[in-house]
There are 2 protein chains.
Amino acid sequence: MNNQASDAPLTLRDVAAAAGVSLATADRVVNGRPGVSAKTARKVHEAVQRLGFRPLAAAAELARARSWRFAVILPGGGNRFMMDIADNIRAQADWFRARRIGVEIVEADVFDADTLAAELATLPGRFDGVALVALDHPRIRAAIDDLVEGGMAVVTLVSDAPSSRRQHYVGIDNIAAGRTAGSLVGRFLGPPRAGEPGGAVGIITGSGSLRDHAERRFGFGQVLAEEYPHLTRLNPVEGRDDPERNRDLVRRMLADTPDLVAIYNTGEGSVGIGEALAEAGLTRKILCVGHELTPATRRMLLDGTFAALVAQDPGHEVRSMARVLHALVAGQEIVAAQEHIRVQVILRDNLP
Amino acid sequence: MNNQASDAPLTLRDVAAAAGVSLATADRVVNGRPGVSAKTARKVHEAVQRLGFRPLAAAAELARARSWRFAVILPGGGNRFMMDIADNIRAQADWFRARRIGVEIVEADVFDADTLAAELATLPGRFDGVALVALDHPRIRAAIDDLVEGGMAVVTLVSDAPSSRRQHYVGIDNIAAGRTAGSLVGRFLGPPRAGEPGGAVGIITGSGSLRDHAERRFGFGQVLAEEYPHLTRLNPVEGRDDPERNRDLVRRMLADTPDLVAIYNTGEGSVGIGEALAEAGLTRKILCVGHELTPATRRMLLDGTFAALVAQDPGHEVRSMARVLHALVAGQEIVAAQEHIRVQVILRDNLP
DNA sequence: CATATTTTGAGTTGCGCACCTCAAAATGCC
DNA sequence: GGCATTTTGAGGTGCGCAACTCAAAATATG
């Protein structure tokens with residue numbers, strides 16, 4: 001175990017000297033410009049390897065002397081998590097500016113494929129890269145492919161469109177997130193008691209059309225079916241991430257399902273669930289697991305309405321998005337390990 | 001909601017022009033050099049505010065033209081998590097070099113205050129900053145204070161010494177980590193059944209002398225006492241993070257405690273717990289919760305020996321350490337929100 | 001008032017690299 | 001061999017800032 005000191009500031013000049021070529025030639029090789037014989041290029045590459053040369057990030061960036069414009073397309077409406085994403089982008093305005101990155105947040109109706117596709121079509125020329133909360137829909141896939149075709153860097157954010165040619169997805173594995181929620185529900189409810197039925201689990205989802213929610217439902221159902229077969233799963237009901245709608249859905253669920261023991265919400269608007277339970281005097285009697293840390297879910301985690309949250313960190317996602325887009329447009333390498341977004345489990349005790 | 005574009009590259013020159021002073025004066029103000037009247041300084045500051053000027057990171061770094069040397073003091077021995085930290089440091093050698101940062105990993109016996117203090121005393125002159133896994137001991141506190149006094153940037157890593165003058169702690173809130181483990185154990189065991197006693201919970205800890213383990217025991221005990229009073233807590237036993245020792249401890253624990261229902265390990269060497277349970281045919285019968293994701297704990301999570309892990313991400317910690325040390329020596333601001341290290345809960349389903 | 005002191009402006013240098021031009025040298029081809 | 005073509009070297013420029021120097025201007029001091 002030892003050091004990786006690089007006391008000698010080691011510049012491209014040193015590489016050129018070591019390879020026995022001129023600075024200009026070394027520069028051509030390192031930056032992949034033409035007009036160098038294979039033999040010479042090899043000498044330079046060897047010298048780079050041998051000395052362990054890396055261009056100084058600051059100097060490279062400064063010399064490149066160009067700025068980038070990125071668009072981030074987020075769903076409009078009152079979605080708290082998306083507002084967190086936007087807030088994080090704004091909070092890092094300094095970080096972006098210090099790297100000559102201009103970020104424009106574009107609100108769009110991501111649920112309407114035509115609108116979103118039209119919005120995407122306006123981007124070329126105005127932006128170097130785009131991050132979008134993708135609808136997994138043929139029109140959107142085509143629009144994304146067109147952008148990539150035109151040389152734009154495209155990453156999906158939070159909800160993926162894996163069939164498109166987007167270069168990267170910044171977000172969590174939503175099947176794993178759903179499975180995690182399933183395991184929490186299953187374990188927290190405990191093993192079935194002899195002679196008692198397992199009870200019913202209600203599933204509230206935002207919308208059928210975004211891939212992330214669908215994947216969560218899938219993962220959740222998978223785990224419950226495999227490992228907690230004593231639990232009955234109710235059919236998912238759509239609350240469109242709206243608290244009031246969710247409240248009504250839970251009211252009805254409570255009325256219709258006497259043996260309800262748990263509720264899983266794949267999306268937003270969890271506060272409506274808490275309200276319906278409070279009305280019925282069932283707070284903390286029905287196990288609740290939801291997604292994303294917001295002021296509302298934080299409160300309900302603290303008061304015990306929700307037992308756990310499965311979450312992704314919007315700050316991490318924004319930073320990852322920025323790094324990835326920048327690496328894509330600047331032709332740098334993406335360090336996959338660093339860009340993996342974790343599925344977090346948040347209990348009352350490890351609230352950030 | 002809208003953009004924060006900075007199309008105009010906005011340089012210090014622009015600030016000087018806006019403030020009606022020369023570039024030199026603007027530079028003096030921005031870099032805090034003397035020889036500027038209060039009135040002029042105010043004009044410049046106002047212009048900076050008004051235009052929203054931030055020095056371009058790359059240019060500033062390049063111009064500063066100096067390199068940094070950091071030491072990272074880690075415990076020797078076979079501690080897997082510490083090896084992960086070291087591996088992460090090595091894996092980011094490129095990142096460090098691209099920022100003119102030389103990192104030297106120093107193995108030390110962090111459990112011996114005199115040795116560690118002596119090691120710390122050798123650092124001034126050789127390094128600009130140091131990150132250390134701190135022993136919370138008066139000698140170490142004094143040694144840290146001496147370093148800080150001498151102008152060195154000091155951050156504690158993984159285990160804190162809050163009474164010292166270290167500028168920053170990179171690591172998780174270990175009380176919260178212990179509480180999280182406590183909640184997981186309590187919830188996973190489920191509510192007490194009528195007529196049945198709650199059972200006993202064994203606690204295995206690494207050592208009494210590192211603060212992190214002590215805090216985890218404290219948090220764990222707190223939650224169990226407050227919320228799961230039906231569970232009996234056995235006295236913590238010290239396994240010094242050693243698998244074999246832990247195996248023996250669990251063998252004895254199983255023999256002595258017929259009503260054992262769960263085991264919590266605050267530290268390393270969880271594999272020994274798994275072995276002892278397997279011998280006794282009690283795998284998955286006794287609930288186990290441990291710390292840190294390693295190849296061994298990953299395996300035991302997958303096979304069900306462990307139900308959950310409470311973990312911190314060594315990659316995040318290394319990156320945070322690097323950013324913080326760099327910010328400290330370069331006199332830049334630390335973005336607290338970005339440097340918060342999360343207490344992660346890892347189940348089989350959200351394994352990264 | 002003259003003098004000392006402080007403040008400000010103007011300018012230079014260099015950080016390491018990307019990107020460019022132009023000429024010289026080496027190589028290929030007939 | 002003479003020619004065109006490719007390869008290489010030498011050198012310059014600018015990115016934006018930090019950190020200087022030196023002189024001029026403004027202000028304070030006696």
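Everything numeric in this text was worked out from a predicted model, so none of it was measured. Protein chains get the first letters and strands the later ones, always in sequence-line order, with residue 1 at the start of each. Both backbone and side-chain heavy atoms feed into the values below; hydrogens, waters and symmetry mates do not.
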Is there side-chain contact between [X] and [Y], with at least one heavy-atom pair below 4.5 Å?
X	Y	answer
B:Asp128	B:Met152	no
A:Gln312	A:Val343	no
A:Ile73	A:Leu123	yes
B:Met321	B:His168	no

N/O (side chain, B:Arg33) to phosphate O (OP1/OP2, D:dA18) under 4.0 Å: no
Atom of B:Pro352, atom of B:Leu293 and distance for their closest heavy-atom approach: CD-CD2, 3.7 Å
Closest non-hydrogen atom pair between B:Ile334 and B:Glu339, with its separation: CG2-CG, 3.8 Å
Any protein N or O atoms within reach of nucleotides 6-13 of chain C? Criterion: under 3.5 Å, listing atom names and distances.
| unit_1 | atom_1 | unit_2 | atom_2 | d |
| --- | --- | --- | --- | --- |
| C:dT8 | OP1 | B:Ser37 | OG | 2.8 |
| C:dT8 | OP1 | B:Thr40 | OG1 | 2.0 |
| C:dT8 | OP2 | B:Ser37 | N | 2.7 |
| C:dT8 | OP2 | B:Ser37 | OG | 3.4 |
| C:dG9 | OP2 | B:Ser22 | N | 2.8 |
| C:dG9 | OP2 | B:Ser22 | OG | 3.1 |
| C:dG9 | OP2 | B:Thr25 | OG1 | 2.8 |
| C:dG9 | N7 | B:Arg28 | NH1 | 3.4 |
| C:dG9 | O6 | B:Arg28 | NH2 | 2.7 |

Calculate the interatomic distance between [X] atom [atom1] and [N] atom [atom2]; express it in whole Å.
X	N	atom1	atom2	value
B:Arg100	C:dG14	CZ	C1'	11 Å
A:Leu62	D:dT13	CG	P	17 Å
A:Leu10	C:dC17	CG	C1'	13 Å
B:Asn31	D:dA19	CG	P	6 Å
A:Arg13	C:dA18	CZ	C1'	13 Å

Of all pairs that satisfy side-chain hydrogen bond (donor to acceptor under 3.5 Å, both in side chains), the ones with a partner from residues 39-53 of chain B, not counting sequence neighbours: B:Ser37-B:Thr40
N/O donor-acceptor pair under 3.5 Å between B:Asn31 side chain and B:Asp27 backbone: yes
Contact list for DNA chain C against residues 50-61 of chain A - heavy-atom distance below 4.0 Å: A:Phe53, A:Pro55, A:Leu56, A:Ala59, A:Ala60
Touch class at under 4.0 angstrom, heavy-atom based, for A:Asp27 against every strand present: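 Base contact.
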